Structures are given as C-alpha cells and as structure tokens.
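Within every chain, numbering begins at 1; the chains are lettered A, B, ... in the order of the sequence lines, protein sequences first and strands thereafter. All values reported here derive from a predicted model rather than from experimental measurement.
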Protein chains: 2
Amino acid sequence: MSDDQKKQLEEFESRIDQFHPGHSIDCVILGYHDRHLKILLLKWKHAELWSLPGGFVYTHESLEDAAYRVLKERTGLGSIFLSQFHTFGDVERQTAPSAPQAVMMENLYQKLPLKDPVRFRNWIQQRFITTGYFALVDFEKTEPRPDFLGERCEWIDLQQLPELLMDHDAIIKKALAQLRIQLNYLPVGLSLLPEKFTIQDLQKVYEAILQKKLDRSNFQRKILKLGFLNRHEKQMTGAANKAPFLYSFDERNYKELLTSGIGFSM
Amino acid sequence: MSDDQKKQLEEFESRIDQFHPGHSIDCVILGYHDRHLKILLLKWKHAELWSLPGGFVYTHESLEDAAYRVLKERTGLGSIFLSQFHTFGDVERQTAPSAPQAVMMENLYQKLPLKDPVRFRNWIQQRFITTGYFALVDFEKTEPRPDFLGERCEWIDLQQLPELLMDHDAIIKKALAQLRIQLNYLPVGLSLLPEKFTIQDLQKVYEAILQKKLDRSNFQRKILKLGFLNRHEKQMTGAANKAPFLYSFDERNYKELLTSGIGFSM
DNA sequence: TTTCAAAGTGTATAAATGACACAATAATGA
DNA sequence: TCATTATTGTGTCATTTATACACTTTGAAA
C-alpha cells in the first residue's frame, strides 16, 4: 500500500462519523482515446474484481459536491461536465453479490491496516443507496489515482468490461442510456476531447456513444451550423495529405445556445 | 386528528428505527382535471403551508417500492406510471427554510401526540437526501388521504401553487422539466387520463404539459399513426353536435413500440 | 507532378412539421 | 325536416430536416 493510500485510509477512518449514513456516490467517468470510449475503473487489491470509483457524502457536503470531490480525487480534474443520472436503491444491490465476490471483499477488508476494524465494518457493510453521476473528461488530462481499496485506477475499453463489483455493470448501462438521450439535446460529447480537436475526432466520439456510423459531410454541416466551434490553424500531421483543421469549443456561444434551447438529433 | 391519522402516526413511531437513515422520497403526483394539470399536495396542520407527499424508505424496502408505497398511501392507487427524476442533496435544502417556516414546523411537531418526542425529533430533524419521483395518475380514481402531518390532501392547480415547504417548489420544477423531456420519447401523457378519453382530452394534456397550443388535425394524425389507441363507441354528450369518439390505450401495441423504439416530438 | 485524405459543396429523395382550408359526419332542437 | 354546432377526416402547400452520395477543391508530402 502506497503512502498516499495510507493517508487516504487514515483520513477515511478518522472521518467515518462525518459521513451521511447509508448513501454513496458512484461515478461513471468516461474518456475518449484511440477512437474508443474508455471508462475509469478501479481494480481491487488481491482480486480480479473491478469497481466504479465512488465515495461517500460528508454531512456538511452536498451530493453534487461529493461527486465533484470523488472525481477530483480519482482524476485530479476540477471543473468538469458532471451529471446526475439515477439513484439506485434496490435492497439486494449489495447484500448479495455473487458468493465469490463476497469472499473477495471479505479478504480485502481483512488485509487493510485499520485502527478500528469494527467501526469500519459497521460502516462499510450497511445498506447503501447510491447516486450515479457520469462525467465526461479529457482523457489526456487525467491522472488516475486509486483509493485505499484499489490496487490501481485504469482506463478500460467500454467494449471489454471486466467482472464488476455488485451492480456496477447495471449502473454503467444506465449511464450510457442517459448519455445517449442527453446527446440529443446537449452537445455533450465535446467535453470528452482535448481543447483542440478535429471534426473527425468529434464524429468518432458521437459514433462511439451512439454506436452507429454517421455520414461525414452531414455531421460536419450539422455541428458547424450550431456555431459553438472555433476554427484554428491546421495541424501538420506529417502525412501526405491536407491537414485537418483544429477546432475548439466556444463556451460563450454555447451558453447562449443553452438558454435559447437546442433541438438536436442524430 | 382522525383515527386513521392516529394509526399512521403510531405505525410511524413504532417503526422509526426501521427506516433507512437520512433518505426520503418525495412524490410529484400529477393529475388532469378540467383542462388543467393538477398536483396532489398536502396542507400542513395549523399553517398555510403545503408540501409534496413524501415518506421514508424502510431498511428492507427498495427505493422504488417506497415510492410506490407512498403513492398508494396518498392516492389509494396501485400500479401506476412512476418515474424517478432526480435526487436532491443540497445541505441547506432543509436546515434553512424561511424563518416563519421553521416556526410552523416546530409548532406542528409540538402538537403531535407522540410517545417518544425525542426520538421523533432526532429522526425528523436530521439531514435528508431526497429522491423525487413523478407519477401521472387518473384524477378520477384517486382518493387523497393525508398523512399524520397533514390537515388535508388536495389537488391544486399547477398554475396556482401556494407557499411550499423547503425546496419543494424547485423539486416540482425539475419534475416538470423532466416530464417534458420524457414526453418526447414516451407517450407518457396517457396515464393522466381515465380509461376512455377523447383525442381532444389527450391533446389538452399535451398542451398543459408542454405549455403551448398544438394544431388539432396534426396532433390527431400523429397520435393515431403511432397505433396504440383503440377506438370505441361514441360518447353521447347531450350537446347539439356530433359526439367525439372515445379511445383507450392499447398496452400491447404500446409495449411493442417501446422495444422497437419511438421517435416522437411535438 | 502525383497522390492522398480533408474539407467543402451540391443535390435528389424522402420524411416530418406547421399552418390552414374544407367537406363529411352526427347530434340536437326548433 | 332543417338549421346549427362541434367533431372528424382529409387535402395541400411551404418549410425544414434527414439521409445518402457524388464531385470538387485544398494542401501536404513524396
């Protein structure tokens, strides 16, 4: 366990009484790299088990602030596109993961250097209602950092998800469904890209989210017509062809659009 | 206080330890009557203060089941269209209602015939994160029934909301915004009407939700083309004109539509 | 100069939208 | 029977949007 993680655990244990009871946050953090949608997952120690980065809500902290905090802790990123999508409150969502999962979790808890194992147990094993947030982040800018339960924090291809803790697969599914809906009335996909990007990059993002091919020229027309992209100098690719233009996101025009309302569909 | 309410309070106090801590449910229950959208609100005792019907979640009960239970308790209705729309978790959402509101609440609590006032206080005055559900119900079929905090439970015109408890006005606003979005991809409005209704009724519902006039003949064409309305005998209105057809909702066709996906916009 | 992908433009078809007009249909009551 | 009335169905026209595809121009590199 790294020093950083020891500190996190210490902080956690010392503030365990300051958490809002029975409520957690789970973040579906999506990034885009290499033409694929990636999700930030946490690999558990001593087990081939992965989970969504999550956390708890302090008594004096709003739900949303808690989500931002978790995001910051896991990715180092500050202000980001973050959107609540659903609250999961089934009774069985954690009491009955698979039997092997229960064993893995048990193992992990036992190996933690805890000051007060009983109090830890009482906290971690209560029933949690969890609120899901999804965040779209610039892959390049993140510095994934595991929490004290994780061995490492990693970007995983959405198409190749490993075994996930509890109901985390269902949470991801719901997040994606919501994302697709939001895409129809908010040009959400932009937050997934670095500051400067090509139209083609953006199209690939849309295709990755919507899971279907889009027509290049129509896509370009539509997006540019919305008018919140600024064109910059070209990028010299070194390839034997015309270099694509770079664009960046014009937040001011975008906010005007938001107030006047967007009708948008692909 | 009625016998019924006394029973409810008794039940509540006896099971106060069985509630999931710090979490509540608030229901935005909408009905349609007299060409207006109505919302079911609870008037508090001894005060001109209204609130959304709400409740708490039992430890052994899912969030959704709790919402259904609250709905059943307030309206007598069983299976209904119910949809989670947001979870509200601001710190200040209840710690600082207006000063007068705090006094009103205090007054009410003191007048309750409680067995264990301290325990009641501890429960009711904690910080709650609340999950909002909206329900669309057939106005005619409901039998509103107040809980032990309410003097009466009543349908109020959405256009003329009274002073509301805490952040309940914001919760209602959010519910309506969500409803408008949902209307674009689910023919949600149907649940607001009695089993048999005229196309005109349905159009009025849409107009009430969307807050704008729709063209009669275009509306009719669109709705009928979707194919989940069954036409019945005419209704004799007693007026000196052709009677309108009655329609009912064909659940089977509707479910087929759901799986194949609906593209729908007004 | 050739080659290649990017970028821009054209455009034909189909579909949906919105705004109206108009005729046919029943129910009532004078 | 006939005038009155609101419902219902249909037509249509202008506009916009979606979808698919073709073709040209551009600019960087070999």
Salt bridge (charged side-chain N to carboxylate O under 4.0 Å, His left out) contacts touching residues 164-173 of chain B (sequence neighbours left out):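 Applying salt bridge (charged side-chain N to carboxylate O under 4.0 Å, His left out) to every pair that reaches into residues 164-173 of chain B, excluding sequence neighbours, yields Arg93(B)-Asp167(B).
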Could you state the [atom1]-[atom2] distance from [X] to [N], rounded to the nearest angstrom?
X         : N       : atom1 : atom2 : result
Asp201(B) : dT8(D)  : CG    : C1'   : 15 Å
Tyr247(A) : dA6(C)  : OH    : P     : 13 Å
Ile223(A) : dA18(D) : CD1   : P     : 12 Å
His232(A) : dA6(C)  : NE2   : C1'   : 18 Å
Tyr206(A) : dT19(D) : OH    : P     : 14 Å
Leu226(A) : dT17(D) : CG    : P     : 11 Å
Leu246(B) : dT8(D)  : CG    : C1'   : 14 Å
Phe219(B) : dT17(C) : CZ    : P     : 13 Å

For Gln220(B), enumerate each residue passing the side chain to side chain donor-acceptor pair (under 3.5 Å) test, keeping only those at least two apart in sequence or located in another chain.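 Side chain to side chain donor-acceptor pair (under 3.5 Å) list for Gln220(B), sorted by chain: empty.
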Hey, does the side chain of Gln200(B) come within less than 4.0 Å of dT7(D)'s phosphate (OP1/OP2), counting only N and O?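 So the side-chain polar atoms of Gln200(B) do come within 4.0 Å of the phosphate oxygens OP1 or OP2 of dT7(D), strictly under.
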Counting only side-chain N and O atoms of Lys222(A), is one of them less than 4.0 Å from OP1 or OP2 of dA18(D)?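 The answer is yes; a side-chain N or O of Lys222(A) sits under 4.0 Å from OP1 or OP2.
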Looking only at side-chain atoms of Asp215(B), point me to the closest of dT8(D), dT17(C), dC20(C).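 My answer, after comparing the listed nucleotides, is dC20(C).
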Please identify each residue that fulfils side chain to side chain contact (heavy atoms under 4.5 Å, CB included) with Ala66(B), with sequence neighbours left out.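 Testing Ala66(B) for side chain to side chain contact (heavy atoms under 4.5 Å, CB included), a comparison that skips the adjacent residues, returns Ile25(B), Val57(B), Glu61(B), Arg69(B).
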Partners meeting side chain to side chain contact (heavy atoms under 4.5 Å, CB included) with Arg180(B) (sequence neighbours left out):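 Checked Arg180(B) against side chain to side chain contact (heavy atoms under 4.5 Å, CB included); matches are Leu176(B), Ile209(B), Leu210(B), Gln211(B).
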Spell out protein contact along nucleotides 9-15 of chain C as letters: B when the base is contacted, S when just the sugar-phosphate is, - when no protein heavy atom is under 4.0 Å; keep the 5' to 3' order. BBB----
Looking at Ser24(A), is its backbone amide N or carbonyl O close enough to the side chain of Thr130(A) to form a donor-acceptor pair, meaning the two atoms are under 3.5 Å apart?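 Flag set: sc Thr130(A) to bb Ser24(A) pair under 3.5 Å.
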Counting only N and O atoms by type, is there a donor-acceptor contact under 3.5 Å from the side chain of Asp90(B) to the main-chain atoms of Glu92(B)?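 Answer holds: no.
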Please tabulate, for side-chain N and O atoms in residues 152-165 of chain A, each donor-acceptor pair with protein atoms closer than 3.5 Å (sequence neighbours left out).
residue   : atom : partner   : partner atom : Å
Arg152(A) : NE   : Glu154(A) : OE2          : 2.6
Trp155(A) : NE1  : Thr142(A) : OG1          : 3.3
Asp157(A) : OD1  : Gln159(A) : N            : 2.9
Asp157(A) : OD2  : His36(A)  : ND1          : 3.4
Glu163(A) : OE2  : Gln101(A) : NE2          : 3.2

